[in-house]
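One structure is given below, encoded as structure tokens.
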Amino acid sequence: MLSRQIAHKLRSYETPFYLYDTALLRQTLESVVYESKKYGYKVHYAIKANYDDRLLAIIREYGLGIDCASGNELRKAIEAGFDPKSIVYAGVGKRDKELRYAIENNILAINCESIEELRVADALSAEAGRVTDVALRINPDIDPKTNHCIDTGQADSKFGISYEEVLEHAEEIASFAHLRIVGLHLHIGSQIRELHVFENMCDKVNAIVANLEKLGFSFRFVDVGGGLGVNYDVPENEPIPNFASLFSIVHNHLSIGEREVHFEFGRSIVAECGELITSVLFNKTTATGRKLVIVDASMTELIRPALYGSYHNIENITSEAEGRDKYTIVGTACESTDVFDENVSLRKTQRGDLLTIKSAGAYGMSMASRYNLHDLPGAVYSDELQ
Ligand code: LLP
């Protein structure tokens, strides 16, 4: 972890802040580009994971496209210089003004998630005098074997159109005069560590593509979403996620001819390059004997533990004490669930020590809030450290 090596330098920054290891981000991007090129796969970065301008500028250098989930994310991507023709836009509830903006900008595809959305996109495209490229986001009904809070592709989920509904409305979908159905999209969930799940996904995609093409659809690309998990337990063991394994699974199981295959990775691109650095404010012991370490970060900077019960590895990067102790690490917010972790073994910890909360580059800053009127955390980049 970068923070441990440069802990002394971090003292000069006001905590809490995100520390980004831009060299690791670059290595991760090199890996995903190298591995995807072997098969001609196209990779989009899911900007919801982290929309930091400096990170986006680096990601753009490597030629990735963007996957966005709102009009503002789309605007951010365009302003950051990404080619609109490399941007896809998914989302169950797109406002008319967001759809209009996507239509005007002629993006690679609007990934439509309901029959009603297709109708509205068709009408708004007609109004704009355009024919818009869209992809059908289908709910593939697959259990991604991940935390239930972050699965997205099971039958009852709000995401995507059910395959049955697509069949039922196939004629109508094919008849929209102002839409070109260019792609098929699905995303089964996030933080997927059991890669065999992607084999099931490929089997489903093969069947769906074959069946829909029999009905007259013709897809230029299939976008299989993101979801590749990272190693939150021991990030040092796997700083760069295993893109090679995922691509090889997809290569071996997907049989959709010459159609382009697209991925939308968020977490696997940026999670490991980010750490949340926080200072210890106070120590105290509860009446039940729990040793609390109260840090100056909270769920307002990193909500994942409070929201999903997610685990992040925590380390004291400045203590030089010989002994260790077990602590519960809590934040400053007025919420009982504002706990980063319990029973954490740390070097003996005291006021003023710096802790790192690791693997926080994805869905950390982008989910930050101003609850309790907290300031939003700053960012420090490894290539800018004095
Ligand atoms: N594509 C679509 C359509 C998505 O909905 C998502 C994530 C991605 C791609 C990127 O997935 P990834 O490669 O990052 O797994 N806030 C949660 C994760 C929510 C994911 C939402 N969709 C968390 O902190 O775990």
Side-chain angles (χ1 to χ4, degrees), residues 28-29 32 36 41-51 55 59 64-70 73-74 77 87-94 108-113 117 135-140 142 144-154 157-161 183-195 197-198 201 222-232 241-243 246-247 250 261-274 276 299 301-312 340 357-369:
T28 307
L29 289 162
V32 75
S36 60
Y41 292 161
K42 305 236 189 276
V43 177
H44 302 256
Y45 166 61
I47 193 171
K48 73 196 79 170
N50 194 320
Y51 49 79
L55 302 190
I59 291 167
L64 274 66
I66 288 284
D67 156 51
C68 56
S70 72
E73 283 189 358
L74 176 54
I87 302 178
V88 289
Y89 173 18
V92 281
K94 304 180 187 80
L108 177 62
I110 301 178
N111 296 341
C112 290
E113 307 212 12
E117 181 187 342
L136 301 178
R137 178 170 181 179
I138 294 200
N139 179 323
I142 287 176
K145 311 247 184 275
T146 183
N147 184 330
H148 184 55
C149 301
I150 52 175
D151 64 28
T152 48
Q154 291 188 264
S157 154
K158 71 172 180 175
F159 297 102
I161 316 176
L184 183 82
H185 174 230
L186 63 149
H187 169 75
I188 58 176
S190 203
Q191 185 50 18
I192 298 170
R193 295 286 284 170
E194 294 187 37
L195 294 192
V197 162
F198 289 105
M201 177 193 77
V222 172
D223 178 343
V224 296
L228 180 63
V230 303
N231 189 339
Y232 282 103
N242 198 342
F243 297 107
L246 173 57
F247 291 147
V250 170
V261 180
H262 293 224
F263 292 81
E264 305 166 339
F265 297 124
R267 188 187 318 267
S268 49
I269 305 284
V270 288
E272 299 295 13
C273 76
L276 178 60
M299 63 196 288
E301 287 78 26
L302 180 66
I303 200 174
R304 306 190 68 258
L307 191 59
Y308 318 115
S310 302
Y311 173 77
H312 286 257
F340 285 113
I357 305 179
K358 303 177 197 173
S359 319
Y363 308 111
M365 183 60 206
S366 63
M367 295 181 79
S369 79

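Each ligand, and each atom within it, is numbered from 1 in the order the structure gives.
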Ser157 and side chain to side chain contact (heavy atoms under 4.5 Å, CB included): which partner among Val92, Asn139, Ile188?
-> Asn139

Are Phe263 and Tyr41 close enough that their ring centres sit under 6.0 Å apart?
-> yes

Are any of the side-chain nitrogens in Lys42 or Asp223 under 4.0 Å away from the carboxylate oxygens of its partner?
-> no

Region of Glu264 engaging ligand 1 - heavy atom pairs below 4.0 Å = both

Numbered in order shown, the ligand 1 atoms found under 4.0 Å of a heavy atom of Arg267 are 12 (P), 13 (O), 14 (O), 18 (C), 23 (C), 25 (O)

Under 3.5 Å between some N or O of ligand 1 and some N or O of Gly227?
-> yes

Ligand 1-proximal atoms of Ala46, by part, heavy-atom distance under 4.0 Å = side chain

Given side chain to side chain contact (heavy atoms under 4.5 Å, CB included), test Val197 with Leu195 step by step and report yes or no.
-> CA-CA 5 Å; Val197 162; Leu195 294 192; over 6 Å; no

Can a salt bridge be assigned to the pair Glu73 and Lys48 using a cut-off of 4.0 Å between side-chain N and carboxylate O?
-> no

Interfacing atoms of ligand 1 (cut-off 4.0 Å, heavy-atom, Met367) = 16 (N)

Short N/O distance, under 3.5 Å, between Gly266 and ligand 1?
-> yes

Could you label the plane-to-plane angle of the His44 and His262 rings as parallel, tilted or perpendicular, counting under 30° as parallel and over 60° as perpendicular?
-> parallel

May I ask you to check if Lys358 and Tyr232 form a cation-pi contact, with NZ or CZ under 6.0 angstrom from the six-membered ring centre and within 45° of the axis?
-> no

In Å, rounded to the nearest 0.5 Å, how long is the span from CD of Glu113 to CZ of Phe159?
-> 7.0 Å

Going by atom types alone, do His185 and Glu264 pair a side-chain donor with an acceptor below 3.5 Å?
-> yes

Residue part near ligand 1, for His187, under 4.0 Å between non-hydrogen atoms | side chain

Under 3.5 Å between some N or O of ligand 1 and some N or O of Tyr308?
-> yes

Within a distance under 4.0 Å of any heavy atom of Phe265, pick out the atoms of ligand 1 and give their elements.
-> 13 (O)

Mind checking whether Arg304 has an N or O less than 3.5 Å away from an N or O of ligand 1?
-> yes

Under 4.0 Å between heavy atoms, the region of Phe159 that gets near ligand 1 turns out to be neither

Please state which part of Asp67 comes within less than 4.0 Å of ligand 1, counting heavy atoms only: side chain, backbone, both or neither.
-> side chain

Below 4.0 angstrom from a heavy atom of Gly226, which ligand 1 atoms are there? Numbered from 1 as shown, please.
-> 9 (C), 13 (O)

